[in-house]
S.K.: 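Sharing a structure with you now.
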Amino acid sequence: MKISELEKLLPRLEALVREAGHAALGHWGAIAAETKADSSLVTEVDRCTESFLADSLTELLPGSDFAGEEYGRRGANGILTWICDPIDGTTNFVRGLPHWCVSVGLLQEGNPVLGIVHAPALELTYAALAGSGAWCNGRRLQAEMPAALAYEDLVCVSTSALKTLDTSRLVCRLRCLGSIALEMCLVAEGKAVAAIGIGEGMHDLAASLCICGEAGARTYHLDGSSLDVGALLDRWRTTSHFVVATSAALRLLVDVISVRSGSGKLGTVPTSAP
């Protein structure tokens, strides 16, 4: 599908994601949660949001597939696939904290071509289209290219990464906001120099991969090799540490971050696509 065709769909897509976010906002901090098999939380809002988006997005783009966190896949075309996390940051959502979002990405033959991340409680909407750039609330985004790391620079590190990495030599401030999608968007904005994670699913990353890529940041493994999005789509979850940053920031980070002994991979996370 041509990018020009997707560009025409973008306003309608943003409206759909905002609609889903607005509906979820009414239940923010005031809904019961269940615990899933992987010990993460899920609510009825997660399920209803995903169902709404699955129906709406596949109608918006006939013939497209859909894969979400809660209900798995619809379709097996494989050419155009919507990837959705209906509420990224469900724990924050349940506990009334503002860092949660609705995340929708589109892959074309395994490549991120479009991404929308909407954070209703923060009144922020991030969007990107392949080859057209990334923006937040209409403001163009550019990731940071630091010449050195400073004490007041922010590095976002997910819970699992914090528990498995040695960051003692990293001079920066560390933050875990509870939503990898939003943490990656901070990298795209230049507000954080990097986001580091392990064990996150394709649903967490798809939209933000496009947003970060269009802002000049890429996703790497700790050894500096690039993340293979197509392979990630097949296995669904990351099983080794990854860094979202510009190439300049990555070079500075890999020298001061190491994996704790015995913590290089997460063997307990599911590795197959839903």
S.K.: Just by modelled atom types, is the R95 backbone N or O under 3.5 Å from a matching donor or acceptor in the W28 side chain?
M.R.: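 Here the side-chain-to-backbone pair does not exist.
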
S.K.: Under the side chain to side chain contact (heavy atoms under 4.5 Å, CB included) criterion, do L129 and E7 qualify, and how do the steps go?
M.R.: CA-CA 7 Å; L129 186 65; E7 191 171 12; 3.7 Å; yes

S.K.: How close do H221 and L250 get, counting heavy atoms only, and between which atoms?
M.R.: O-CD1, 4.5 Å

S.K.: Just so I know, are the side chains of V45 and T90 near enough to count as touching, which here means a heavy-atom distance under 4.5 Å?
M.R.: no

S.K.: Show, in sequence, the C-alpha distance, side-chain angles and deciding distance for E50 and H203, and conclude whether the side chain to side chain contact (heavy atoms under 4.5 Å, CB included) test is met.
M.R.: CA-CA 11 Å; E50 183 168 317; H203 54 275; over 6 Å; no

S.K.: Mark yes when over 12 heavy atoms from residues, nucleotides or ligands other than E59 sit less than 6.0 Å from its CD; otherwise mark no.
M.R.: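 Atom CD in E59 is not packed in, count stays at 12 or less.
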
S.K.: Has the side chain of H118 got a donor or acceptor atom that lies under 3.5 Å from a matching backbone atom of S103?
M.R.: no

S.K.: Between CG of L222 and CD1 of I198, what distance do you get to the nearest 0.5 Å?
M.R.: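 Rounded to the nearest 0.5 Å, the CG-CD1 separation comes out at 8.5 Å.
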
S.K.: Can you name the closest pair of heavy atoms from L182 and C101 and give their distance?
M.R.: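 It is CG-SG, 3.9 Å.
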
S.K.: Can you give me the closest heavy-atom contact between Y220 and A245, atom names plus distance?
M.R.: CE1-O, 3.4 Å

S.K.: Return the minimal non-hydrogen interatomic distance between A24 and I87, and the atom names on each side.
M.R.: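 Nearest heavy atoms, A24 then I87: CB-CD1, 3.9 Å.
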
S.K.: Carefully, step by step, assess F66 and D55 under the rule side chain to side chain contact (heavy atoms under 4.5 Å, CB included).
M.R.: CA-CA 9 Å; F66 181 93; D55 291 342; over 6 Å; no

S.K.: Taking all non-hydrogen atoms of both residues, which atom of S208 and which atom of C185 are closest, and how far apart?
M.R.: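 Looking at all heavy atoms of both residues, the shortest contact is OG-SG, 3.9 Å.
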
S.K.: Walk me through it: do I31 and F93 pass the test side chain to side chain contact (heavy atoms under 4.5 Å, CB included)?
M.R.: CA-CA 9 Å; I31 191 168; F93 177 75; 3.8 Å; yes

S.K.: Quick one: are T58 and S64 in side-chain contact, heavy atoms under 4.5 Å?
M.R.: yes

S.K.: Is V42 reachable from Y71 through a run of I, L, V, M, F, W or Y residues, each pair having side-chain heavy atoms under 4.5 Å apart?
M.R.: no

S.K.: Please tell me whether L209 and L177 are part of a single hydrophobic cluster in this structure, the criterion being side-chain heavy atoms less than 4.5 Å apart.
M.R.: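 Cluster IDs for L209 and L177 differ.
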
S.K.: Could you measure the distance from the CD atom of E183 to the CG atom of L154? Nearest 0.5 Å is fine.
M.R.: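 These two atoms lie 10.5 Å from each other.
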
S.K.: Cluster question for you: counting only ILVMFWY and a side-chain heavy-atom cut-off of under 4.5 Å, with indirect links fine, are L122 and V104 together?
M.R.: no

S.K.: Could you state whether V259 and L170 fall into the same hydrophobic cluster, counting links through intermediate Ile, Leu, Val, Met, Phe, Trp or Tyr residues with side-chain heavy atoms under 4.5 angstrom apart?
M.R.: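 Result: yes, single cluster for both.
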
S.K.: Counting distance only, does the side-chain N/O of T43 pair as donor-acceptor with the main-chain N or O of D46 below 3.5 Å?
M.R.: yes

S.K.: Strictly distance-based, threshold 3.5 Å: is any side-chain N or O of W82 a donor or acceptor partner for the main-chain N or O of L57?
M.R.: yes

S.K.: Establish whether L162 and V171 are linked, either directly or via other cluster members, by ILVMFWY side-chain heavy-atom contacts under 4.5 Å.
M.R.: yes

S.K.: Test your reading of the model: is there a side-chain donor-acceptor pair from D204 to the backbone of I180, 3.5 Å cut-off?
M.R.: no

S.K.: Say you draw a straight line from SG of C48 to NE2 of H27; how long is it, rounded to the nearest 0.5 Å?
M.R.: 7.5 Å

S.K.: Using atom types as modelled and distance alone, determine if a side-chain donor or acceptor of D85 lies under 3.5 Å from a backbone N or O of G201.
M.R.: no

S.K.: Quick check against the 3.5 Å criterion: does Q142 have a side-chain atom that pairs as donor or acceptor with the backbone of A215?
M.R.: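 Here the side-chain-to-backbone pair exists.
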
S.K.: Compare every heavy atom of G216 with every heavy atom of A143, then report the nearest pair and how far apart it is.
M.R.: CB-C, 4.3 Å

S.K.: Keeping R260 on the side-chain end and L165 on the backbone end, is there a donor-acceptor pair under 3.5 Å?
M.R.: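 Flag set: sc R260 to bb L165 pair under 3.5 Å.
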
S.K.: Just by distance, do the side chain of R175 and the backbone of V155 share a donor-acceptor pair under 3.5 Å?
M.R.: no

S.K.: Please indicate whether R173 has more than 12 foreign heavy atoms, meaning atoms of other residues, nucleotides or ligands, lying under 6.0 Å from its CZ.
M.R.: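 Atom CZ in R173 is crowded, with more than 12 foreign heavy atoms closer than 6.0 Å.
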
S.K.: Testing I83, T81, T238 one by one against M202 for a side-chain contact (heavy atoms from CB on, under 4.5 Å), which residue passes?
M.R.: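 The option that passes is I83.
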
S.K.: State whether the side chain of E214 and the backbone N or O of G131 hold a donor-acceptor pair below 3.5 Å, judged by distance alone.
M.R.: yes

